[in-house]
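Any value given below was found using the heavy atoms of this structure, including those in side chains, with hydrogens, waters and symmetry copies removed. Atoms within a ligand are numbered from 1 in the order they appear, just like the ligands themselves. Quantities reported herein were computed from a predicted structural model and do not represent experimental measurements.
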Amino acid sequence: MASTPTPLKHTHMLSAVLHNSYHRKKVSLNGKWAFVVDPYETGYRNHRLGIPHDEMPLEDRSRYYTFFQNRKPEHAADMVEYNFEEAATIMVPGDWNHQSPEWLYYEGGAWYRRAFSWNITKGRRVFIRFEAVNYECHVYLNGSKVGSHLGGFDPFNVEVTEAIRGGDNLLNVYVNNRREEEHVPNKRTDWWNYGGITRDVYIMETPEVFIDNYQLQLDPHNSGMVKGNLRLSSALAGVEVSLSIDELDWSYQALSDAEGTIEFTTELPNVDLWDPKNPKLYEVCFKALQDTIVDKIGFRTIAVKGEDILLNGEPIFLRGVSCHEEIPSGMRRAHSVEDASFILSSAMELGCNFLRLAHYPHNEHMVRLADEHGMLLWEEIPVYWGIQYENPETLRQAEQQLSSMVHRDKNRASVIIWSLANETPVNDQRNDFLRKLKHQVLSIDTTRLISAALDRDELDYSDTVKRQVRISDPMAAEMDIVSCNEYLGWYSGTPDQMEDGVEWFLPNQKPFIVSEFGADALAGKHGERMERWTEEFQDYVFEQQLKMLEQIPSLRGIAPWVLFDFRTPRRTLPGIQDGWNRKGLISNEGKRKLAFKTLKSYFSEKILQYESRTLKSGLQ
Ligand code: GCB
């Protein structure tokens, strides 16, 4: 009897946030792991029942083998049909697709295994942290299940205090990147679905009670004041918690309440404010019981007033670009500090002060670097196109991804916008879905702006009338910044049709950002400016767009699509696309296309324009 695998619904919610694990002491598990590709999920599901081994009734489990048991034949006649010792190896972190030509388009299940040794320290708790695994992940330590996770771009922690042994340990990780309708994103995206353990993995030790989560940010509504909160890992009352910034000679103490939390608003005098020209970070030390953790935090405010976006009270223009987390020349996911720095420096070369990290949470390295280099960020989750807005499981997954992104980055000065979604169809269920997401962000962080990349409509027009574009999405009214992806001159008409101008109908009294516009061009393909796919056509689109956008009084930023050409199996045009989206300003081989220069000079003009408007405080 053939068995159809049941879709997986279960996943444990992993409770510890372990905020700022970035600066916790840790032991890296990066490196070479054994790797077994398992397209039929043989090592994971019972082949007759089709259900995962760890969901089978206990009495049945021993009858069937699974790869996490790490069995070895004891006698020559024993039958064990897997062998990690003889298996292929793979580098962690790193998507599997680029690591062997056979795995280039692989989507499905795979097993990872690595051995490590450990010294147990009494009274310490131990966690394994995965910065990201795409998409479904089950973790087994020494043959026992210790956790699981769904979601391709958000970090999670698995507590292994009980399961870890002094001496040798074996860690098995099952990963499946099969696309599913109920996932976030679902089956249809315009980017390649890299699989595997794509970001760092490490072990962290904490005291029995540790500082699990905190936030310290300037109060956007009270100048000179800082808002803070901190949560211990246990609901312990009366624990003395202290925060200090030596450089400012500042400290704050409080006792935890019955939930193990503190919450306060207090003065933070003499702060040198963080901004793109002065990305000043302070070392902040948090202490409670045996736990001490240091973070680097920049202090700034971000707010909107009418049509302005105010950074530290001064109007700014967001000179941005959108980017994926991909190293195109390597056809791989970016995962290291060096990778993040490569992407960031390419945006800085354009003259950007703003980067839209599309379409999912990027690596923490990127956010930390942006803090150090003064780059403003838009972060988003892959609530993208037509996911299942009516499905509570889809909402749960979106909320989990959003909450872990906001928790991870809520102390980063660079992050100014949380984006809830990208190009999502307007209907009641979707509106409700986005409202729930907004509510969730606000339950964690009230110091940043909320937006979403919305669609726009075009009104009917004839050749004699100016084109008319409007945003009629009701969610626009609920955003701090109205943003939309508009592709005039590419998906909608041609660039010459923009010569007569375009009339925009936008919600009143809100800043407006164009979160995407662009055009495909194959680097090195030249021709007339009305010949599609040439650099000249792309450049013409950019020229027309920039001219048009300048006419919009509430325009406060742009993030054109996209910094680099990126891989996407949706794009099949032979000789031009061949599996790549060619809207990059930089090609997959690093060539700057004509439009790169056009955008760069627009940004230099913007710098001058804003410099003269903000002489008092200097350019943001
Ligand atoms: C969009 C999407 C982006 C696509 C882009 C395109 O609106 O947000 O993910 O890659 O258009 O090139 O069509």
Side-chain angles (χ1 to χ4, degrees), residues 152-153 179 183-194 320-326 328 331 333 343 355-362 378-387 398 417 419-426 430 434 451-458 469 471 473 475-476 479 481-495 513-523 532-535 537-539 541-542 545 549 557-573 576-588 593 595 599:
F153 304 94
R179 286 165 296 130
H183 285 178
V184 182
N186 69 359
K187 289 189 176 175
R188 288 163 302 281
T189 60
D190 188 21
W191 70 86
W192 169 244
N193 176 36
Y194 289 105
V321 69
S322 298
C323 68
H324 269 289
E325 185 174 61
E326 185 178 64
M331 292 171 69
R333 274 259 168 268
I343 296 171
L355 201 48
R356 174 181 176 214
L357 303 180
H359 279 302
Y360 37 76
H362 288 211
W378 156 309
E379 288 208 87
E380 74 188 52
I381 53 165
V383 170
Y384 184 90
W385 293 352
I387 61 161
I417 299 170
S419 168
L420 307 178
N422 180 77
E423 287 185 358
T424 50
V426 177
R430 166 276 196 181
L434 296 200
S451 195
L454 306 178
D455 278 325
R456 49 50 172 194
D457 324 311
E458 228 171 310
V469 180
I471 295 184
D473 189 330
M475 291 310 291
M479 300 292 138
I481 294 179
V482 175
S483 312
C484 86
N485 298 350
E486 54 93 355
Y487 276 93
L488 298 177
W490 183 255
Y491 288 125
S492 165
T494 43
I513 292 182
V514 172
S515 35
E516 285 179 33
F517 68 83
D520 285 62
L522 180 66
R532 228 173 247 268
W533 316 110
T534 61
E535 289 195 32
F537 190 100
Q538 183 191 41
D539 195 34
V541 169
F542 269 73
Q545 279 278 348
L549 294 170
I558 60 172
W561 195 252
V562 59
L563 187 54
F564 292 99
D565 287 352
F566 63 93
R567 288 187 66 216
T568 169
R570 291 185 82 231
R571 310 286 177 172
T572 62
L573 192 64
I576 306 270
Q577 294 175 320
D578 299 311
W580 293 84
N581 183 312
R582 296 292 185 196
K583 293 192 188 69
L585 291 160
I586 308 177
S587 79
N588 50 312
K593 301 181 195 170
L599 184 62

For ligand 1, is there an N or O atom under 3.5 Å from any N or O atom of Trp385?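 No, there is no polar N/O contact under 3.5 Å.
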Residue portion contacting ligand 1 (non-hydrogen atoms closer than 4.0 Å) for Thr189: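 Neither; nothing of Thr189 gets under 4.0 Å from ligand 1.
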When you measure from atom 13 (O) of ligand 1 to each heavy atom in Phe517, Tyr491, Tyr487, Trp490, which option holds the nearest one?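 Among Phe517, Tyr491, Tyr487, Trp490, the closest heavy atom to atom 13 (O) of ligand 1 comes from Tyr491.
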Can you figure out which of Arg571, Glu516, His324, Glu486 has its heavy atom closest to atom 8 (O) of ligand 1?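 Closest candidate by heavy-atom distance is Glu516.
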Working for side-chain contact (heavy atoms from CB on, under 4.5 Å), residues Thr494 and Arg532: CA-CA 9 Å; Thr494 43; Arg532 228 173 247 268; 4.0 Å; yes
Distance under 6.0 Å and angle within 45° of the ring axis: does Arg570 meet both against Trp191?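 So Arg570 doesn't make the cation-pi contact.
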At what distance is the nearest protein heavy atom to atom 7 (O) of ligand 1, and which residue and atom is it?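 Checked against all protein heavy atoms, atom 7 (O) of ligand 1 sits closest to Glu423 OE2, 2.2 Å.
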Just need the protein heavy atom nearest to atom 4 (C) of ligand 1, so name the residue and atom and give the distance.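 Result: Asp190 OD2, 3.2 Å.
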For a quick check under 3.5 Å, do Ser587 and Asp565 share a side-chain donor-acceptor pair by atom type?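 Not at all, the side chains of Ser587 and Asp565 share no donor-acceptor pair under 3.5 Å.
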Run the side-chain contact (heavy atoms from CB on, under 4.5 Å) check on Glu380 and Asn422 step by step: do they pass? CA-CA 8 Å; Glu380 74 188 52; Asn422 180 77; 4.0 Å; yes
Below 4.0 Å from ligand 1: does a non-hydrogen atom of Phe566 turn up there or not?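 Checking ligand 1 against Phe566, which is what was asked, there is a heavy-atom contact under 4.0 Å.
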Considering the options Trp192, Tyr194, Trp561, which one meets the ring-ring contact (aromatic ring centres under 6.0 Å, His included) requirement together with Phe566?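 With Phe566 as partner, Trp192, Tyr194, Trp561 yield a single ring-ring contact (aromatic ring centres under 6.0 Å, His included), made by Trp561.
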Which of the numbered atoms in ligand 1 are below 4.0 angstrom from a heavy atom of Asn422?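 Counting atoms of ligand 1 from 1, those under 4.0 Å from Asn422 are 2 (C), 8 (O).
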Take the angle between the ring planes of Trp533 and Trp490 and call it parallel below 30°, perpendicular above 60°, tilted in between.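 Aromatic pair Trp533/Trp490 classed perpendicular.
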